[in-house]
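See below for the structure under consideration.
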Amino acid sequence: MLALLDFRVRQRDFLLEITKAITAQLDLTEVLRRVLYASLAMLSGQVGLVALPDSTARVAGVVGLCAAAGVGIVPHGGNTSYCGGATPHEGGHEIVLSLARMNRVREVDAANFSITVEAGCLLAGVQSAAAEVDRYFPLSLGSEGSCQVGGNLSTNAGGLNALRYGVARELALGLEVVLADGRVLDGLTSLRKDNTGYDLRDLFIGAEGTLGVITAASLKLFPRPRTIETSFLAVPGLGAAVSLLARLRAATGDLVTSFEYLPRSAVEMATRHIDGVADPLAGPHDAYVLCEVSTAREDPALRVLLEGELAGAMEDGLVLDAVFAESLAQRDALWRLRESVPEAQRMEGASIKHDVSVPVAALPRFADDAAAAVLAIVPGGRMVAYGHVGDGNLHFNVSVPAGGDSREFLAKAPAIHEAVHGIVRHHRGSISAEHGIGRLKRHALARSKGAVALEVMRAIKRALDPRGIMNPGKVLPEPGEY
Ligand code: MLT
Ligand code: ZN
């Protein structure tokens, strides 16, 4: 069950990716592309051992051995996170526990609108298993072909449909978790109602493996959307986008499923760097929204309703141009434009990223203030603030000034983070809306959570993992660090 390896983590990741690709029959080209991008990541570490257990009992066995020996465990899903939550430290003193072989769908219950899957199932696999019984699993992310559902839950992933269906936490019904001493907490219920004491499930969601290893989950399913209207809209800016969202939510009876904001800079980068991506509108505009409205009914009237609303919004200056996807291929092309932005920004050169959320109405003010603060630190920095405006989550990224020196630019990252996070705090927002804390954002967490919240988190950690073997050095700052 255990393989003794002594690679640099990037080589180890490569091995894991290839193993997963073979077991899951993935497209190897896609896997290699992802590994290439992973190799550009800023974090690395070492491990002496990678465990690839294929059952909950075997996960429990590995964790029990590590608990007895006091060895740190780094749970590992699809390796798609941004904050280093699954990256071990230097020194090789930890083991990586990959969930890749725990990839079975245990049960699909169409009548209960639920599915029970193991943690190593690919997110796309869960979506397909639901579709096979005419149901819908709505969690959707750019990396859904390679991220695993255990990682989605451990990081409380958000993605493209959170506005309508909620984030991973809201989609979870029950969890099976291997605790830090090797015992199995069987909370694999698929009940909607269960008022029997403390909610243990939610402790492990968003904990990034620091309290235990999620090995399986019961998840909510929904009726499959039968009418989907996807449109790409030019808007004057973020303020107009926010007003338009409220208007469309009201007009459609809350059928807006996705509402993704893209500034011109993001569209230019995507069309410049990604093959086959094109601007669907005739002329350039400052900002855009990719809007998807859907219903489980066959509803030809939905398009008519939307066209009427958008015509009104145009008269009011909230929309400047619009195009609807008229086929699946056109819909895919619009989503490809949106989903290729992170990759395009990487290809554009050095960038400094923030994954923040504020109340939706505060987004325009936040973005203006944050841009001004960044430009005061890096004159010429290029704002690429895009994302899930429908749920208040903006990826407020900054690219190196055109022709600027990357090293000089990246040296300013701490000052830029501090300035942007300060503005987030001012709006009572979050410094990590959907990417988690991992290794990278522990200090930012220490500065943005209150002392009482940190103490409660620390008490939970001590209670569930007294020896500190579960994903050491992740999420929680050390006491001296705050
Ligand atoms: C996205 O929404 O595209 C991602 O969460 C952000 C990213 O990949 O940088
Ligand atoms: Zn995102």
Side-chain angles (χ1 to χ4, degrees), residues 30 33-34 36-38 40-43 77-86 123-124 138-148 151-152 154-169 171 206 208 238 241 257-263 265-267 269-270 273-274 277 288-292 334-358 360 363 367 382-400 413 416-417 420 424 429-438 440-441:
E30 167 63 15
R33 193 181 64 79
R34 231 161 28 73
L36 182 68
Y37 285 120
L40 301 175
M42 291 193 304
L43 285 175
N79 203 31
T80 59
S81 90
Y82 283 108
C83 300
L123 174 54
L139 189 64
S140 176
L141 326 175
S143 58
E144 62 199 19
S146 45
C147 63
Q148 295 173 11
N152 298 148
S154 293
T155 55
N156 191 20
L160 306 165
N161 295 334
L163 160 67
R164 173 91 165 271
Y165 294 98
V167 296
R169 185 187 301 284
L171 300 171
E208 301 185 39
L238 195 46
T257 317
S258 304
F259 199 82
E260 297 287 316
Y261 178 80
L262 298 174
S265 56
V267 170
M269 285 179 190
H273 295 294
I274 311 292
V277 168
Y288 305 87
V289 166
L290 175 53
C291 174
E292 198 152 275
L334 294 182
W335 275 110
R336 190 160 140 69
L337 165 59
R338 159 63 183 92
E339 290 186 336
S340 59
V341 171
E343 189 176 323
Q345 196 180 11
R346 268 193 295 274
M347 295 171 88
E348 182 79 12
S351 64
I352 296 172
K353 303 175 87 163
H354 308 88
D355 164 40
V356 303
S357 60
V358 296
V360 174
L363 279 169
R382 291 174 293 160
M383 303 309 133
V384 189
Y386 65 94
H388 323 289
V389 157
D391 54 49
N393 177 191
L394 206 58
H395 297 301
F396 189 86
N397 299 347
V398 188
S399 278
V400 60
I416 291 180
H417 289 321
V420 172
V424 168
S430 167
I431 54 110
S432 184
E434 63 168 4
H435 292 170
I437 299 297
L440 279 183
K441 292 194 190 162

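Just follow the structure's listing: the first ligand is 1, and inside any ligand the first atom is 1.
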Exercise for the section: May I ask you to test the Ser432-Lys441 pair for a side-chain heavy-atom distance under 4.5 Å? Expected result: yes
Problem - Side chain to side chain, Tyr82 and Pro342, heavy atoms closer than 4.5 Å - result: yes
Handout entry: Those residues that, when tested against Phe396, pass ring pair (Phe, Tyr, Trp, His ring centres under 6.0 Å) (two or more places apart)
Key = Phe366
Exercise for the section: Using modelled atom types only, decide if a donor and an acceptor are shared between the side chain of Asn393 and the backbone of His388 within a distance under 3.5 Å. Expected result: no
Practice task
Please check if the side chain of Asn161 supplies one atom and the backbone of Gly166 the other of a donor-acceptor pair under 3.5 Å.
Solution key: no
Exercise for the section: Would you name the heavy atoms of Cys83 and Ile437 that are closest together and state the gap between them? Expected result: CB-O, 3.4 Å
Fill in the blank from the handout: Contacts for ligand 1, heavy atom under 4.0 Å, by chain and number, are Tyr82, Arg338, Pro342, Lys353, Tyr386, His388, His395, Glu434, His435
Exercise for the section: For the pair His435 and His395, name the ring-plane relationship: parallel under 30°, tilted 30 to 60°, perpendicular over 60°. Expected result: parallel
Problem - Atoms of type N/O/S from protein, distance to the Zn ion (ligand 2) below 2.8 Å - result: 3
Exercise for the section: Calculate, to the nearest 0.5 Å, the distance between atoms OG and CG belonging to Ser258 and Leu160 respectively. Expected result: 5.5 Å
Handout entry: For Ser154, all residues meeting side-chain contact (heavy atoms from CB on, under 4.5 Å), sequence neighbours excluded
Key = Ile214
